[in-house]
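Counting starts at 1 for both ligands and their atoms, in listed order.
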Amino acid sequence: MRTIRKLMQFVGRYWLWLVIILVCTLAANALGLYLPKVTQRIIDDSIVVKNYALLPYLCILLFGVVLLKGFLNFTTMFLSPFIAQRTTYDIRNRLFDHIQRLSFTYHDQAETGQLLSRSTADVDALLAFLGDGLTNVVSNVLIFVGVLVLCISMNWQLALVSLSTMPFLIFFVFRYSRVVRPIYTDIQDQHGKMTSTIQQNLMGIRVVKAFAREEFEIKKFAYESRTLLNKVMTSVRVNAFYGPLMDFIAAAGTTFILWYGGMQVVNGNLKVGEFVAFNAYLGMIIWPVRIMGWVVNIVQNAIASADRIFEVLDTYPETHLKDGNIEMTECHGEVEFKNVSFTYNDGSKALSNISFRAEPGEMVAFLGGTGSGKSTLINLIPRFYDATEGQIYIDGHNIQDYKLTSLRSFVGIVAQETFLFGDTVRGNIAYARPDATLEEVIEVAKAANIHDFIISLPEGYETKIGERGVNLSGGQKQRIAIARALLMNPPILIMDDSTSAVDTETEAMIQKALVSLTESRTTFVIAQRISTIQRADKIVVLDKGHVVETGTHDELVEKNGLYNEIYNMQLRSQKKAE
Ligand code: ADP
Ligand code: MG
């Protein structure tokens, strides 16, 4: 019930159209019920009694009824899909909008496949219901009740005889839908499994080939494909059995009418016209009964899908969590962590009691082994996650007091895993500022040391990259991501291992370019190589989520702690390499 009420909020917007659809459906069905009556009068009042003067009028009436019914049907058949499409369009967009706003914590746990199928398959199930199910339910109930009342009022004995097969038909209809439902669910599931087998295979095709496991993969796919075939065949068998069975029961009903009704006509208890009308009514009632199972399925599917969609929509997006009200108009770049601890939702404690301070324009570097919490720490600055304990201040204000969008517009981030969209090089660099001029784009590309490479591409800055575009190496992607962050000209710049995928030589060049670019802003850098962070104003050494040392390069070497250990290790391996 709650689901239906929520659904109605979306449909309710179009209530006037819904009323029109409902009125048209009702009127069309009423006319449909009236049609056999006209036929009956043509036979009984005109043909049988040879009153030919009446015939043209009755035929014109029949024609008029058919025409009007056609017009009404046209209106519903046009309006009903229109409303259904509009409503699903609204829901689809609302869902996508909502998914955009859900927090990192949500996306950490959500399965991409689930969100995909909710935005597509579940929305389609709703569409099926709103498009066909709704009007079908209304008209079927109306036809069923109408036929029942009309038949019984015309001749209750004949009604009883001709409708005697109805209980059997209804029984088998419901049995059919009970049997076929789990089979269809099974087929859907299996279809998903097969699709994900294909997807995984395509994504890992290089691994497959490298280990010569093609045969294994072919067998794996054949198994899933075969299972799908078997399941589909089960549904085919069930359909093949129940379809003709229901046709048979319907036909049996007609036989009874012809037999019992025919007898009554011969005895003079029933007029020929009534007899014909009766037959027509029975014909009208069979279809609604037969598709009742289908309608029930559509409704149940739609409710299940709506439930899954609303489950996502009911999750509060990050902006609802706690948005501050200070609009950040300028930023000096003073950042302070005060006793910050962070625990992920799954209970793993990633940071404990972190405190440090970055003055405007400083460069702060983080060093530590994998899993020591470096990425987690910098993700707290643009509030991808909120600190579990402690506070973070920018320019003296708690970051939770700033408006989220304004905070993020002052923090540029080059993430550890770079992602480029299927767009041109220029489009990717100008992602945050689509209005940037080509000169500005070129300037940051030069700073990120990627300009020369870009102009060597077939179409320069207009070359398509990302999926289905030119293939780029890890280092090239990283440099484009750096250019993208630089274009925002952020007062606070964060680079998470952004130079890990480039060779030492390129890195040195990026570093040189970055010196001028980082002078005017507060920069947080995570890097594996000490050479990258040597010139930092402050180096924070992390271990298992704790700060173990803080200081400049020289201070830390002096201290002879973990930093010095790592430094010596890197020096040694460098010497060996030389
Ligand atoms: P680093 O960047 O220093 O390699 P991370 O900050 O990525 O380390 O990870 C710190 C710890 O937090 C690790 O133990 C890691 O397993 C855990 N962790 C990282 N991301 C998540 C996440 N999204 N959910 C749960 N735990 C996470
Ligand atoms: Mg990391």
Side-chain angles (χ1 to χ4, degrees), residues 99-115 312 315-318 321 335 337 339-356 358 363-390 392 399 408 411-419 474-475 477-479 481-482 484-485 492-502 507 510 523-533 536 538-550 556 561-563 565-567 569-570:
I99 291 172
Q100 293 307 293
R101 291 172 206 285
L102 286 169
S103 64
F104 275 58
T105 311
Y106 180 86
H107 286 292
D108 279 347
Q109 284 155 359
E111 282 177 54
T112 322
Q114 280 288 339
L115 287 180
V312 179
T315 320
Y316 284 110
E318 56 187 344
L321 276 178
V335 180
F337 273 57
N339 306 319
V340 171
S341 295
F342 181 77
T343 309
Y344 278 106
N345 252 19
D346 62 6
S348 57
K349 188 157 193 176
L351 296 174
S352 338
N353 209 22
I354 307 282
S355 298
F356 66 87
M363 174 175 171
V364 178
F366 299 100
L367 188 79
T370 31
S372 57
K374 306 179 298 288
S375 297
T376 308
L377 191 153
I378 52 121
N379 280 341
L380 298 182
I381 300 172
R383 281 189 73 193
F384 291 161
Y385 300 91
D386 271 338
T388 332
E389 280 166 57
I392 301 167
I399 54 169
R408 286 186 187 165
V411 181
I413 189 157
V414 185
Q416 193 162 11
E417 281 145 32
T418 46
F419 179 83
K477 280 189 199 159
Q478 268 186 339
R479 280 179 281 163
I482 293 173
R484 175 163 68 190
I492 298 173
L493 177 67
I494 298 170
M495 300 206 284
D496 188 351
D497 240 343
S498 315
T499 48
S500 62
V502 301
E507 196 204 338
I510 297 178
T523 319
F524 295 98
V525 179
I526 295 176
Q528 304 292 333
R529 303 189 193 111
I530 287 197
S531 56
T532 315
I533 57 175
K538 208 169 275 165
I539 297 167
V540 178
V541 184
L542 289 170
D543 186 30
K544 297 194 188 82
H546 294 267
V547 175
V548 286
E549 287 172 322
T550 322
L556 289 173
L562 183 61
Y563 183 86
E565 207 175 291
I566 299 170
Y567 180 54
M569 213 159 65
Q570 291 194 0

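Annotation: atom 7 (O) of ligand 1 to nearest protein heavy atom, Ser375 CB, 3.7 Å. Among all protein heavy atoms, the one lying closest to atom 4 (O) of ligand 1 is Gly371 N, 2.8 Å. In this structure, the protein non-hydrogen atom closest to atom 23 (N) of ligand 1 is Asp108 OD2, 3.0 Å. In this structure, atom 5 (P) of ligand 1 lies nearest to the protein heavy atom Thr376 OG1, 3.6 Å.
For Gly369, the heavy-atom gap to ligand 1 drops under 4.0 angstrom. Heavy-atom distances between Gly368 and ligand 1 stay at or above 4.0 Å for every pair.
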| Do Asn353 and Ser341 pass the side-chain hydrogen bond (donor to acceptor under 3.5 Å, both in side chains) test, and can you show the C-alpha distance, the side-chain angles, and the key distance before you say yes or no? | CA-CA 5 Å; Asn353 209 22; Ser341 295; 5.2 Å; no

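Relative orientation of the Tyr344 and Tyr385 rings is perpendicular, given thresholds of 30° and 60° on the angle between their planes. Under the 30°/60° scheme for interplanar angles, the aromatic rings of Tyr563 and Tyr567 are found to lie parallel. Ring-plane geometry between Phe337 and Phe356 is classed as parallel, the angle between the planes falling under 30 degrees on a 0 to 90 degree scale with a further cut at 60.
Side chain to side chain, Asp543 and Ser372 fail the donor-acceptor criterion of an N or O pair below 3.5 Å.
Lys374 places a side-chain N or O within donor-acceptor distance of the main-chain N or O of Gly368, the cut-off being under 3.5 Å. At least one donor-acceptor pair closer than 3.5 Å links the side chain of Arg408 to the backbone N or O of Arg383.
With atom 21 (C) of ligand 1 as the reference point, the heavy atom nearest to it among Phe384, Tyr344, Phe366 is part of Tyr344.
Counting heavy atoms from C-beta on, the side chains of Leu115 and His107 come closer than 4.5 Å. Side-chain contact between Leu380 and Leu351: present, with at least one pair of heavy atoms (C-beta onward) separated by less than 4.5 Å.
For residue Gln416, an N/O/S atom approaches the Mg ion (ligand 2) to within less than 2.8 Å. Metal site remark for the Mg ion (ligand 2): Thr370 contributes no N, O or S atom at a distance under 2.8 Å.
Numbered from 1 in the order shown, with element, the atoms of ligand 1 that lie under 4.0 Å from a heavy atom of Thr370 read 4 (O). Each of the following atoms of ligand 1 lies closer than 4.0 Å to a heavy atom of Asp346: 25 (C), 26 (N).
Inside a 4.0 Å radius of atom 27 (C) of ligand 1 there is at least one protein heavy atom. Contact annotation for atom 16 (O) of ligand 1: protein absent (non-hydrogen atoms, distance under 4.0 Å).
Within the 4.0 Å heavy-atom criterion, neither part of Leu377 lies near ligand 1. Contact annotation: for Ser372 versus ligand 1, heavy atoms closer than 4.0 Å belong to both the backbone and the side chain.
Atoms NE2 and NZ, on His546 and Lys349 in that order, are 7.5 Å from each other to the nearest 0.5 Å.
Residue contacts with ligand 1: Ala350 is placed with no nitrogen or oxygen under 3.5 Å of a nitrogen or oxygen of the ligand (distance criterion only).
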